[in-house]
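Accompanying notes for the structure given below.
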Amino acid sequence: MANTWGYGAMTNSLGDIQNSKAIIIFGANPAVNHPVGFQHFLKAKERNNAQIIVIDPRYTKTAAKADYFAQIRPGTDIPFMYGMLNLIFKNGWDNLEFVKSRVFGMEEIKKEAAKWPIEKVADVTGVKAELIEQITKVYAQNTPGTLIWAMGLTQHTNGSSNTRMAPILQLALGNMGEEGGGCNILRGHDNVQGATDMCCLSHSLPGYYGLSEGSWKYFASSWNVDFDWLQGRFKSPEWMGKKGFTLARWWAGVLGGNPGEDAIHNAGTNLKALFVMANGITSIAQQKKVKEALDNLELAVFVDPFVNEGAIVTDKQDDVYILPGATQFETSGSVTATNRSAQWRDKIVEPMYESKTDHDIMFELAKRLGFYKEFVAGMGKGENFTWPEDATDEIARTIKTIGLTGWTAERLKKHQKNWHMFDEISLRGYGEMAGEYYGLPWPCWTKSHGGSPILYNINRSVRDGGMGFRNRFGLEYNGVSQLAGKGSAPRDSFFKDGYPEITKDNIEEILGIKLTEDEKKRIGKNWKVDTSDIIAEKSIERGIAPYGNARARAVVWTFADKIPVHREPLHSPRTDLTKKYPNFADKKDHYRVDTRYISEQTEQDWAKDFPINLVTGRLVNMNGAGIENRASKYLAKLTPEMFCDINPELAGRHGIRDGSMMWIHSPQGTKIKVKAKYSFSVSEDRVFLPFHFAGVMEGVDYTHNFPEGTKPFAWGESANTVTNYGYDIVTQIPETKGGLCRIERA
Ligand SMILES: Nc1nc2c(c(=O)[nH]1)N[C@H]1C(S)=C(S)[C@@H](COP(=O)(O)OP(=O)(O)OC[C@H]3O[C@@H](n4cnc5c(=O)[nH]c(N)nc54)[C@H](O)[C@@H]3O)O[C@H]1N2
Ligand SMILES: Nc1nc2c(c(=O)[nH]1)N[C@H]1C(S)=C(S)[C@@H](COP(=O)(O)OP(=O)(O)OC[C@H]3O[C@@H](n4cnc5c(=O)[nH]c(N)nc54)[C@H](O)[C@@H]3O)O[C@H]1N2
Ligand SMILES: [Mo]
């Protein structure tokens with residue numbers, strides 16, 4: 001399993017934030033979670049007097065550096081942004097020119113925004129009307145402005161709508177494709193962008209190719225294996241096109257079908273074995289279910305440099321294996337940063353003791369399972385490959401969708417050797433590195449392309465990283481063209497207006513060229529499967545982006561909500577509003593699990609028994625499930641035990657003293673016992689829990705299960721024992737930032 005929680009990639013880069021005149025941050029706390037990157041925010045403030053605006057249910061360390069702070073109620077960012085848009089349209093602050101030529105469907109957004117006058121927004125979000133007005137004015141009038149988001153927007157049942165709403169706000173203001181603008185999504189783990197791009201996901205092939213037969217055939221040929229052999233690995237051919245379980249709900253695959261559990265659709269069988277590579281397990285919502293699933297597995301394997309606490313909280317005694325994984329200091333290769341730049345890394349030391357690198361463990365596994373030859377065939381050298389260079393070059397040969405063609409091992413190594421030769425703001429190379437951007441941010445269309453540091457920037461030539469929006473959804477919808485308007489092609493483009501994605505059939509017409517007979521023979525069907533690179537190379541010669549030049553869609557006609565609309569969290573403190581803004585209809589077979597939305601929301605008046613909002617998140621000294629840091633004496637000392645941030649007024653009403661123990665109960669019938677920590681960072685209607693602790697569940701200590709000498713320096717209840725039921729309608733990210741709870745003195 002891989003970590004693939006993030007949703008979206010940065011359109012610009014951290015350095016580029018120094019060009020911003022305004023920075024609006026929705027649901028991110030970079031002062032704590034991206035402290036190195038946060039320097040660029042502070043430099044923007046110094047250089048441009050950039051206005052920093054923070055929208056968060058808590059007064060965070062980032063908020064402490066902000067010019068404006070709105071303490072929003074969890075799960076109400078869509079009303080907040082519609083409120084902003086309402087004012088933007090009313091005052092004529094929108095960028096009409098940009099919208100006219102580069103956006104589809106903004107009229108629908110305008111209509112919805114009209115339904116959100118500021119007083120109503122204030123009521124729903126809990127933010128004062130005057131403050132929303134101030135923030136909107138400052139943000140709209142200080143362009144370019146960049147919009148930042150992270151987990152505060154994504155971890156909701158309608159998180160995917162949140163992540164559509166934010167770019168729409170930027171499109172309305174013409175803040176996309178600009179230096180100092182864009183949507184800059186602060187990604188999570190080291191190389192999580194790379195893991196996503198390689199699609200350690202259950203619904204797509206590497207490079208976001210879909211699960212269609214065409215894609216599978218493209219990969220069969222890229223991997224040098226028979227399509228039939230690949231298909232034979234599935235129970236039956238139809239399963240080749242189906243999404244798998246997600247990290248969030250693998251446990252439902254084990255428990256599915258039991259009384260009270262959601263039904264599963266997994267070819268008539270439950271999951272029996274779990275192989276974990278680099279996930280903490282206790283970071284998953286609904287920990288009690290996770291534990292129950294662990295207990296019911298036939299086999300559990302954890303590959304980890306630390307003792308994975310999944311192995312600790314289970315009562316399962318046999319067939320639980322902890323394999324010592326090497327760390328990233330003990331291996332080499334390319335990783336991808338939050339801004340789509342690649343970076344080559346060298347090995348610092350050989351894997352220590354009996355540990356092995358992740359890839360060596362996978363090779364060994366493939367050997368034992370009998371498909372090693374096929375597993376390594378894609379590198380094209382049989383079993384005589386050079387790791388990791390040949391794997392990197394295989395990726396460059398194969399992944400066209402996001403433009404990784406230029407990411408050869410040789411080029412990436414050269415960037416690493418010369419990283420002092422690049423500008424930190426523009427990423428532009430000097431001297432020997434002139435014409436290239438640091439890390440060749442994708443799309444890096446060809447072996448000589450220099451990368452694209454700012455997506456959708458038409459002020460630059462395609463050769464220099466420019467491009468319009470991708471033409472992905474046809475030429476027209478309901479008679480309206482999906483291509484960009486007149487004169488909106490990237491600089492130096494042969495074709496001045498919008499144009500479709502380039503294919504074998506249209507290349508001669510759009511580029512105004514004639515292919516030779518030999519080229520016609522070698523060229524692929526379209527730019528996504530053209531391993532000859534003829535489409536990309538010829539396009540760039542003519543200043544054309546191979547993926548076309550289209551409009552950004554504000555309306556997504558294939559989604560449950562065509563435009564983002566507000567939906568109250570499944571467990572909302574405002575029962576009055578759940579009637580007005582109900583959640584989605586229940587969804588069958590959502591990544592193989594039936595998932596409840598409206599039926600859970602309406603099952604009872606949750607707010608009556610669970611009146612307090614539950615917000616979870618991060619601490620600066622801890623990471624993820626926390627074992628890496630709690631195993632460090634010095635980091636553990638900063639937060640030696642699990643705690644709950646609680647407003648003294650709220651605590652006082654329950655007779656809970658600062659430093660005393662309290663129970664937190666969830667609507668799922670679970671509970672945790674934690675230490676109360678008085679804090680004014682949370683208001684009286686909500687509490688905050690860090691999710692970095694584990695080892696104790698509902699008051700029961702499991703730390704005796706640690707093998708001798710491996711017990712960490714800190715342990716405690718996991719916040720995820722009380723995070724509520726609720727999963728995003730598209731991605732299935734758990735609603736760990738929008739649940740309810742009830743508190744009690746312990
Ligand atoms: N020190 C440290 N750094 C880390 C990590 C770590 O564990 N520790 N983890 C890494 C990973 S994997 C990730 S994904 C990133 C995550 O980085 P962030 O997203 O910054 O992390 P969080 O603290 O989970 O959440 C951010 C903020 O969202 C707010 N929030 C909650 N609900 C809402 C809401 O409904 N609306 C709005 N507007 N805000 C809301 C929370 O109060 C919180 O302050 O950090 C990375 N960096
Ligand atoms: N309540 C709540 N829950 C959350 C979140 C939240 O905000 N609130 N955030 C969610 C998010 S965004 C994320 S990303 C997850 C993060 O949670 P996890 O994915 O569990 O994060 P980590 O603790 O970083 O887990 C990584 C594991 O991999 C191990 N590891 C480190 N390096 C290597 C390596 O090179 N190889 C191998 N094999 N193992 C290695 C570590 O020791 C650790 O056990 O938590 C999610 N859970
Ligand atoms: Mo994450």
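In each ligand, atom 1 is the first atom listed, and ligand 1 is the first ligand listed. Both backbone and side-chain heavy atoms feed into the values below; hydrogens, waters and symmetry mates do not. Since the model is a prediction, treat every value here as computed from it, not as a measurement. When a residue number appears, it is its place in the shown sequence, counting from 1.
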Exercise for the section: Output yes when a side-chain donor or acceptor of Gln193 lies under 3.5 Å from a complementary backbone atom of Arg340, and no otherwise. Expected result: no

Are [X] and ligand 2 in contact, using a heavy-atom cut-off of under 4.0 Å?
| X | answer |
| --- | --- |
| Lys737 | yes |
| Gly626 | yes |
| Gly624 | yes |
| Ala719 | no |
| Glu309 | no |
| Pro734 | no |

Atom indices of ligand 1 within 4.0 angstrom of [X] heavy atoms, with elements:
| X | result |
| --- | --- |
| Val32 | 1 (N) |
| His692 | 7 (O) |
| Val620 | 1 (N) |
| Ile55 | 37 (C), 38 (N), 39 (N) |
| Gly617 | 23 (O), 24 (O) |
| Gly188 | 10 (C), 11 (C), 12 (S), 13 (C), 14 (S), 15 (C), 46 (C) |
| Val615 | 31 (C), 42 (O) |
| Ala150 | 18 (P), 19 (O) |

Residues 63-71, side-chain donor-acceptor partners within the protein, below 3.5 Å, at least two apart:
residue, atom, partner, partner atom, Å
Asp67, OD2, Ile52, N, 2.8
Gln71, NE2, Pro57, O, 2.8
Gln71, NE2, Ser681, O, 3.3

[X], portion touching ligand 1 at heavy-atom distance under 4.0 Å:
| X | value |
| --- | --- |
| Val192 | neither |
| Thr60 | side chain |
| His34 | side chain |
| Asn623 | both |
| Leu619 | backbone |

Practice task
Kindly identify the option in Arg618, Gln71, Met151 whose heavy atom sits closest to atom 24 (O) of ligand 1.
Solution key: Arg618

Exercise for the section: Pick whichever of Pro305, Ala278, Gly280 has a heavy atom sitting closest to atom 28 (O) of ligand 2. Expected result: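 The option holding the nearest heavy atom is Ala278.
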
Exercise for the section: Compute both the distance and the angle, then confirm whether Arg249 meets the cation-pi test with Tyr727: under 6.0 Å from the six-membered ring centre, within 45 degrees of the axis. Expected result: yes

Exercise for the section: Not counting sequence neighbours, which residues clear side-chain hydrogen bond (donor to acceptor under 3.5 Å, both in side chains) with Thr703? List them please. Expected result: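 side-chain hydrogen bond (donor to acceptor under 3.5 Å, both in side chains) check on Thr703 returns Asp701, Lys711.
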
Practice task
Determine, stepwise, if the pair Glu292 / Lys288 fulfils salt bridge (Lys or Arg N to Asp or Glu O under 4.0 Å).
Solution key: CA-CA 6 Å; Glu292 204 181 321; Lys288 253 191 104 176; over 6 Å; no

Problem - Gly75 near ligand 1 by a heavy-atom separation under 4.0 Å - result: yes

Problem - Pair Phe706 and Trp715, ring centroids less than 6.0 Å apart - result: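 Distance test on ring centres: not under 6.0 Å, no.
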
Practice task
For the pair Phe363 and Trp387, name the ring-plane relationship: parallel under 30°, tilted 30 to 60°, perpendicular over 60°.
Solution key: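 Phe363 and Trp387: perpendicular rings.
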
Exercise for the section: Using the six-membered ring wherever Trp is involved, compare the ring planes of His566 and Tyr581 and label them parallel, tilted or perpendicular (cut-offs 30° and 60°). Expected result: tilted

Exercise for the section: Output yes when Arg630 and Glu309 qualify as a salt bridge under the 4.0 Å nitrogen-oxygen rule, no when they do not. Expected result: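 Yes, Arg630 and Glu309 are salt-bridged.
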
Exercise for the section: Check each of Arg574, Lys580, Arg73 against Glu568 using the salt bridge (Lys or Arg N to Asp or Glu O under 4.0 Å) test, and report the only one that passes. Expected result: Arg73

